[in-house]
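Here the structure comes first, spelled out in structure tokens, and everything after it is commentary.
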Amino acid sequence: MRPVYVGGVGIHAFGRFADKTVTALGCEAVRAALADAGIGRGGFQAAFCGTVYSGVAAGHKVLTALGLSGVPIVNVEAGCASGGAALALGAAQVASGRYDAVLVFGMEKMPRGIIRSSFFEPWREEAGLAATPAYFALRAQRLMLESDVTVEDLARVSEKNHRHGVHNPHAMYRKAMTAAEILASPVVCDPLRLLMLCSPNEGAAAVVLTAAPSRVRVAAAALRSHRAGSVLGEHTPMSGLAEDGVPAPTEMAARDAYEEAGIGPDDVDVVELQDTDSGREILSAEELGLCSRGGGGRWVRDGGGEMGTRRPVNPSGGLLSKGEPLGASALGQVVELTWQLRDAAGPRQVPGARVALAHTVGRGANACVVVLAR
Amino acid sequence: MPDTRPIVDGLFTDGPDGPRLLAAHCTACGKPHFPRGPVCPYCGEASCVDAPVGPDARLCLYTAVLTRPPGYRGDVPYGFGVVELAGGLRVIARLTESRLERLRPGLPLRLVVEPLFTDDDGRAVLSYAFRPEAG
């Protein structure tokens, strides 16, 4: 296997864009990435497109519109980890020597409100079991019952990410808010308040992967699905015996990624991780080994993940600030981290960052961990 | 009763002894699961037998759903939680109680089968839920 590098990155801001189709969003991100990589037609030999809600041959429509079709194009769906899955597949093609350059992109136009997902059979929807935020709430409650995480800690996470997001021109929400304001926002599903949950939205991101050396290398791209044994995960429709010893998909993907990259969590300088809700950020931090298991509350209270600390988490503002366009979110993280490793992140720059980690987890369950290094 | 129907077949029964969830037990690895699948989701063996469970349970985790989620046809608010039944089987379920001050971890619950909504043919659609034990 040979090294894989990030040749170029591009993004379409995350938000709501009533006058643009999902194809148009994808086109903008792809054109930006190709321009950044300095390539055009003939500059890549395959394309992988992460998306969930875009329908038939969505990636084909983008490349057709840009006059770039003809290469193999594969649309990849892996829930919230779709973009990460597309990147993992693309990186493997370059690493193996099959292709010298691969285009990876992701895009989404999410429906408004609570996400309607064909993941749930009709009877589960009718029975009220498709209440996605309620699952997040139960997981946050478990975190609070099993450790010293408090609802104030949940508010602190959202406060931090919104503070970071102020400096991100590609984020949907760029307003700092206090923990008190977050706690005072309407309860969606206790203990989660409205301002502790990310908004499903729209956006696109693209990455060119190449065998030609560049400043940023893909040190690992690991994808995992869940194992049976946990009744409360992103794979929730299966109910069974809860076994605390069964590792979460994020833990498995992180283990694979750290091994592939030859590093541990202490070697990472900057992280973009899945913060669908505030509780998920704490759980993600624990599962990625950024703090101890059960130590997430203390990690938050000690300023864990803040800009200016040893290892900032979600300098982009996270999904809480950016919103979550499923197919694009993981690649949006990779775009942000590529800028970080190029010292090009402007006011969000983590000084001297050399190793970066991107993490997504969602329906399936799927978890993806990508490690970038300079 | 001809004017009622289960929300879907194969989830629960409601006989003289009270309701039961139609769970399965794997004779190869010993683990339970619900609803019953084609094989054991833990070990993949096709060696599962019916193992109805209920009506006693206890509450593990809970919240209240205040806004009608996609496709839901019952009333809001409603309780939503993880409950544990005999043999360690844990299921995601609707709770009849949505007032959080009346819920706590470990609370004894009872499985109930009750009408959730009326379908387009005018039939009462039965589903399962868990209700706090009286007292």
Side-chain angles (χ1 to χ4, degrees), chain A residues 111-146 151 186-194 197 200 225-233 235-244 246 277 279, chain B residues 6-11 21 23-24 26 29-35 37 40-44 60-85 87-95 98 100 103 105 116-117 119 125-129:
Chain A
R112 285 179 187 274
I114 296 179
I115 299 175
R116 183 157 202 168
S117 175
S118 59
F119 185 69
F120 293 105
E121 296 95 330
W123 76 263
R124 289 186 191 274
E125 287 197 331
E126 290 182 347
L129 301 182
T132 302
Y135 289 94
F136 301 157
L138 297 184
R139 201 172 45 204
Q141 187 188 46
R142 184 175 63 177
L143 199 58
M144 293 166 69
L145 288 171
E146 292 179 352
V151 70
V187 171
V188 175
C189 284
D190 191 85
L192 297 178
R193 273 66 174 166
L194 185 64
L197 286 151
S225 65
H226 75 98
R227 284 170 48 192
S230 169
V231 68
L232 192 60
H235 52 283
T236 32
M238 196 199 82
S239 297
L241 195 71
E243 290 185 286
D244 295 336
V246 175
D277 64 89
Chain B
I7 194 162
V8 69
D9 288 330
L11 285 184
L21 291 183
C26 177
C29 74
K31 291 177 178 142
H33 72 272
F34 169 82
C40 173
Y42 291 88
C43 69
C60 301
L61 301 169
Y62 55 92
T63 189
V65 178
L66 310 174
T67 308
R68 186 176 301 273
Y72 176 60
R73 300 186 63 179
D75 297 328
V76 287
Y78 61 95
F80 185 85
V82 175
V83 309
E84 183 169 320
L85 295 116
L89 178 73
R90 292 187 187 190
V91 301
I92 299 277
R94 208 170 57 85
L95 309 173
S98 64
L100 299 179
L103 299 171
L116 183 62
F117 63 93
D119 71 12
V125 177
L126 304 175
S127 189
Y128 64 94

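Residue numbering restarts at 1 for every chain, and letters A, B, ... go by the order of the sequence lines.
Contact of B:P77 with chain A is not made at all, since no heavy-atom distance falls under 4.5 Å. For B:Y62, the parts lying near chain A are the backbone and the side chain together; criterion is any non-hydrogen pair under 4.5 Å. Contacts of B:L11 with chain A are made by side-chain atoms alone, with heavy-atom separations under 4.5 Å and no backbone atom involved. Interface remark: A:A127 contributes backbone and side-chain atoms alike to the contact with chain B (heavy atom separation under 4.5 Å). For B:A93, the part lying under 4.5 angstrom from a heavy atom of chain A is the backbone only. Contacts of B:C43 with chain A are absent, with no heavy-atom separation under 4.5 Å from either backbone or side chain. With a threshold of 4.5 angstrom between heavy atoms, B:L100 approaches chain A through side-chain atoms but not through N, CA, C or O.
Atom CZ of A:R139 sits about 11.5 Å away from atom CG of B:L61, to the nearest 0.5 Å. The CZ atom of B:R68 sits 10.0 Å away from the CZ atom of B:R73 when rounded to the nearest 0.5 Å.
When the candidates A:L129, A:V187, A:L192, A:V188 are compared by the number of heavy-atom contacts under 4.5 Å with chain B, A:L129 comes out ahead. Contact tally against chain B (heavy-atom pairs below 4.5 Å) for A:P122, A:A134, A:A140, A:A137: the top residue is A:A134. No other option in B:S127, B:A129, B:G71, B:A64 has as many heavy-atom pairs under 4.5 Å with chain A as B:G71.
At least one donor-acceptor pair closer than 3.5 Å links the side chain of A:R193 to the backbone N or O of A:P191. The main-chain N or O of B:Y42 is never found under 3.5 Å from a side-chain atom of A:R227 such that the two would form a donor-acceptor pair.
Proximity of B:V82 to A:R142: side-chain heavy atoms (C-beta onward) are nowhere separated by under 4.5 Å.
Partners of B:Y78 under the ring pair (Phe, Tyr, Trp, His ring centres under 6.0 Å) rule, at least two apart in sequence or in another chain, are B:Y72. Here A:E126 pairs with nothing under the side-chain hydrogen bond (donor to acceptor under 3.5 Å, both in side chains) rule; sequence neighbours left out.
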